[in-house]
Amino acid sequence: MEGSIKFGLWFVYIRWNSDNLVSRIRFVKTAVSGAVPVSLSKYLAGKVTTLYPLESIHLREEGTYGEIYRQVHAIPYGEIKTYKEIAEFVGTAPRVVGLAMKRNLTPILIPCHRVLSSHGLGGFTPDISIKEDLLKLESNFLKKVKIHEQDQV
DNA sequence: ACAGGAGTCAAAG
DNA sequence: CTTTGACTCCTGT
């Protein structure tokens, strides 16, 4: 199954199967017909913090890249880590983490936007502004939650 | 066998 | 502040 949904100036394309296993997520300029999973549209609307029950094919991968993808996947919503931190945990070089992120077939699901460089944002394909938007989306959601909690006290 | 990354750090201009 | 070079190590060819 496949489909797309608008996100800012881009469309998020997604392809998945009946087991909620996602094989591809991509940022494209023009819409692809078809609906997307509810959890994805809610996430992009800033209404939920989890993509469950969607799962990335990368999590089942063997070897160094698999380790990297699992570590990145474990970064909580709204939090960030550096390429270096991930590299040290997995036991490899920061550049290898960068490479793995560039070849990430399922961004958002494997939240590569939460991995920044030591000095700045780091990169993002096809456009760095998407990375900024996703980070903004998550920090805005967390702010709202805080305000709501204060109301209840 | 080899070149190249979504990186990092120190040193120099 | 910006540029340069050394270091790193996995992947695709």
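Here is how names work: the chains are called A, B, and so on, in the same order as the sequence lines, proteins then strands, and each is numbered from 1. Keep in mind that the numbers below use all heavy atoms, side chains included, and drop hydrogens, waters and symmetry copies.
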(message) Using a 3.5 Å limit for the pairing distances, which stems of at least 3 consecutive Watson-Crick or G-U wobble pairs does DNA chain B take part in?
(response) B:1-5 with C:9-13, B:7-13 with C:1-7
(request) Sugar-phosphate means primed atoms, P, OP1 and OP2; the rest is base. With that split, encode nucleotides 7-13 of chain C 5' to 3' as B, S or - using protein heavy atoms under 4.0 Å. (result) BBBSSS-
Show every donor-acceptor pair shorter than 3.5 Å between a side-chain atom in residues 16-23 of chain A and any protein atom, with sequence neighbours excluded, or say none if there are none.
from     : atom 1 : to       : atom 2 : distance (Å)
Asn17(A) : OD1    : Asp19(A) : N      : 2.8
Asn17(A) : OD1    : Asn20(A) : N      : 3.4
Asn17(A) : OD1    : Leu21(A) : N      : 3.1
Ser23(A) : OG     : Arg15(A) : NE     : 3.2

(request) Tell me, please, which residues at least two apart from Tyr69(A) pass side-chain hydrogen bond (donor to acceptor under 3.5 Å, both in side chains). (result) none
Can you check nucleotides 9-13 of chain B for protein contacts, nitrogen or oxygen pairs under 3.5 Å, and list what you find?
from   : atom 1 : to       : atom 2 : distance (Å)
dC9(B) : OP1    : Lys84(A) : NZ     : 2.7

(message) Whole angstroms only, please: what is the NZ-C1' distance between Lys81(A) and dT8(B)?
(response) 18 Å
(message) Could you work out, with side chain to side chain contact (heavy atoms under 4.5 Å, CB included) as the rule, every residue matching Glu62(A), not counting sequence neighbours?
(response) none
(request) Quick one: list whatever passes side chain to side chain contact (heavy atoms under 4.5 Å, CB included) with Thr49(A), sequence neighbours left out. (result) Tyr77(A), Phe141(A)
(request) Verify the neighbour count for atom CZ of Arg60(A): are there more than 12 heavy atoms of other residues, nucleotides or ligands below 6.0 Å? (result) no
Just distance, no hydrogens or angles: give the donor-acceptor pairs under 3.5 Å from side chains in residues 27-44 of chain A, sequence neighbours left out.
from     : atom 1 : to        : atom 2 : distance (Å)
Ser39(A) : OG     : Leu51(A)  : O      : 3.1
Ser41(A) : OG     : Val38(A)  : O      : 2.9
Tyr43(A) : OH     : Glu138(A) : OE2    : 2.6

(request) With sequence neighbours excluded, tell me which residues meet side-chain hydrogen bond (donor to acceptor under 3.5 Å, both in side chains) with Glu2(A). (result) Tyr13(A)
(request) Check side-chain hydrogen bond (donor to acceptor under 3.5 Å, both in side chains) between His73(A) and all other residues, then give those that pass, not counting sequence neighbours. (result) none
(message) Among residues at least two apart in sequence or on other chains, which ones pass salt bridge (Lys or Arg N to Asp or Glu O under 4.0 Å) with Arg103(A)?
(response) none
(message) Checking Lys81(A) now: which residues fulfil side-chain hydrogen bond (donor to acceptor under 3.5 Å, both in side chains) with it, not counting sequence neighbours?
(response) none
